[in-house]
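Worksheet for the structure shown next.
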Amino acid sequence: QVQLVESGGGLVQAGGSLRLSCAASGPTFSRYKMGWFRQAPGKEREFVAAITWSDGSTYYADSVKGRFTISRVNAKNTVHLQMNNLKPEDTAVYYCAADFGTWNWNIPEGYGYWGQGTQVTVSS
């Protein structure tokens with residue numbers, strides 16, 4: 001059973017930075033992908049970034065490319081999302097997700113395990 005616990009959300013002014021963390025527990029993650037998604041009120045859940053555990057390949061939504069960085073710490077089974085130059089439109093609940101395999105990394109249906117979510121609020 002995979003368990004994911006997010007941390008690091010909060011309130012920040014536009015232009016500021018936050019780092020989200022996702023601590024994963026369960027099976028060996030060497031063949032898994034890990035993703036971050038976000039959901040703003042009244043909107044669908046959208047892809048933010050993903051990383052493959054085996055070789056560290058990274059993928060980003062166009063809206064965050066150049067501002068956000070996803071990384072992993074193998075020894076701690078932890079994935080981070082460093083968010084810089086935050087904008088009010090980044091305000092959302094951010095979810096960590098995981099699943100076996102490296103395909104469908106940019107759609108919610110590609111992930112079977114989800115964390116509880118952490119709120120990120122960016123004020124203008």
Subject >> Verdict with supporting geometry, Glu46 and Gln39, side chain to side chain contact (heavy atoms under 4.5 Å, CB included) >> reply: CA-CA 6 Å; Glu46 65 172 0; Gln39 189 166 18; over 6 Å; no

Original post:
Under the side chain to side chain contact (heavy atoms under 4.5 Å, CB included) criterion, do Trp105 and Ile51 qualify, and how do the steps go?
Top reply: CA-CA 8 Å; Trp105 42 262; Ile51 188 167; over 6 Å; no

Subject >> Worked check of side chain to side chain contact (heavy atoms under 4.5 Å, CB included) between Asp99 and Tyr113 >> reply: CA-CA 6 Å; Asp99 212 328; Tyr113 303 99; 4.3 Å; yes

**OP:** Starting from the C-alpha separation in whole Å, work towards a yes-or-no answer on salt bridge (charged side-chain N to carboxylate O under 4.0 Å, His left out) for Asp90 and Lys87.
**Re:** CA-CA 5 Å; Asp90 294 317; Lys87 303 176 181 180; over 6 Å; no

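Cluster membership check: Val120 shares its hydrophobic cluster with Met34, using side-chain heavy-atom separations under 4.5 Å among Ile, Leu, Val, Met, Phe, Trp and Tyr. Put simply, Val64 and Leu86 are part of the same group of oily side chains (I, L, V, M, F, W, Y) that touch within less than 4.5 Å, one to the next.
Of the possible donor and acceptor atoms, none in the side chain of Lys33 sits under 3.5 Å from a partner among the backbone N and O of Tyr111.
Note that CG of Asn74 and OG of Ser54 are 9.5 Å apart. Values are rounded to the nearest 0.5 Å. Within the model, atoms OG1 of Thr78 and CZ of Arg72 stand 12.0 Å from one another, a figure rounded to the nearest 0.5 Å. For the atom pair CZ of Phe68 and OG of Ser63, the computed distance is 7.5 Å after rounding to the nearest 0.5 Å. If you take OG on Ser25 and CG on Asn77, they are separated by 8.0 Å, rounding to the nearest 0.5 Å. A distance of 10.5 Å separates SG in Cys22 from CG in Leu81, rounded to the nearest 0.5 Å. Note that the CH2 atom of Trp36 and the OH atom of Tyr60 stand 12.5 Å from one another [nearest 0.5 Å].
When all heavy atoms are compared, the tightest approach of Val73 to Trp53 is O-CZ2, 4.3 Å. Residues Pro88 and Ala14 come closest through the heavy atom pair CD-CB, 4.1 Å. When every heavy atom of Ser17 is checked against every heavy atom of Gln82, the shortest pair comes out as CB-NE2, 4.0 Å. Closest of all the heavy-atom pairs between Ala24 and Leu4 is CB-CD2, 3.6 Å.
Between the side chains of Ser21 and His80, a donor-acceptor pair is found at a separation under 3.5 Å.
Within the structure, salt bridge (charged side-chain N to carboxylate O under 4.0 Å, His left out) contacts touching residues 104-123 (residues at least two apart or in different chains) do not occur.
Each of Trp114, Tyr94, Tyr95 was checked for a ring-ring contact (aromatic ring centres under 6.0 Å, His included) with Phe37, and the lone residue meeting it is Trp114.
Heavy atoms of other residues, nucleotides or ligands lying less than 6.0 angstrom from CD of Glu44 number 12 at most.
Thr118 is listed as a side-chain neighbour of Leu20, based on a closest heavy-atom distance under 4.5 Å. Counting heavy atoms from C-beta on, the side chains of Thr121 and Val12 never come closer than 4.5 Å. Side-chain contact between Arg38 and Val93 is absent, with no heavy-atom pair separated by less than 4.5 Å. Considering only heavy atoms from C-beta on, Tyr59 stays 4.5 Å or farther from Asn106 through its side chain.
In terms of the salt bridge (Lys or Arg N to Asp or Glu O under 4.0 Å) criterion, Glu89 has no residue partners (sequence neighbours excluded).
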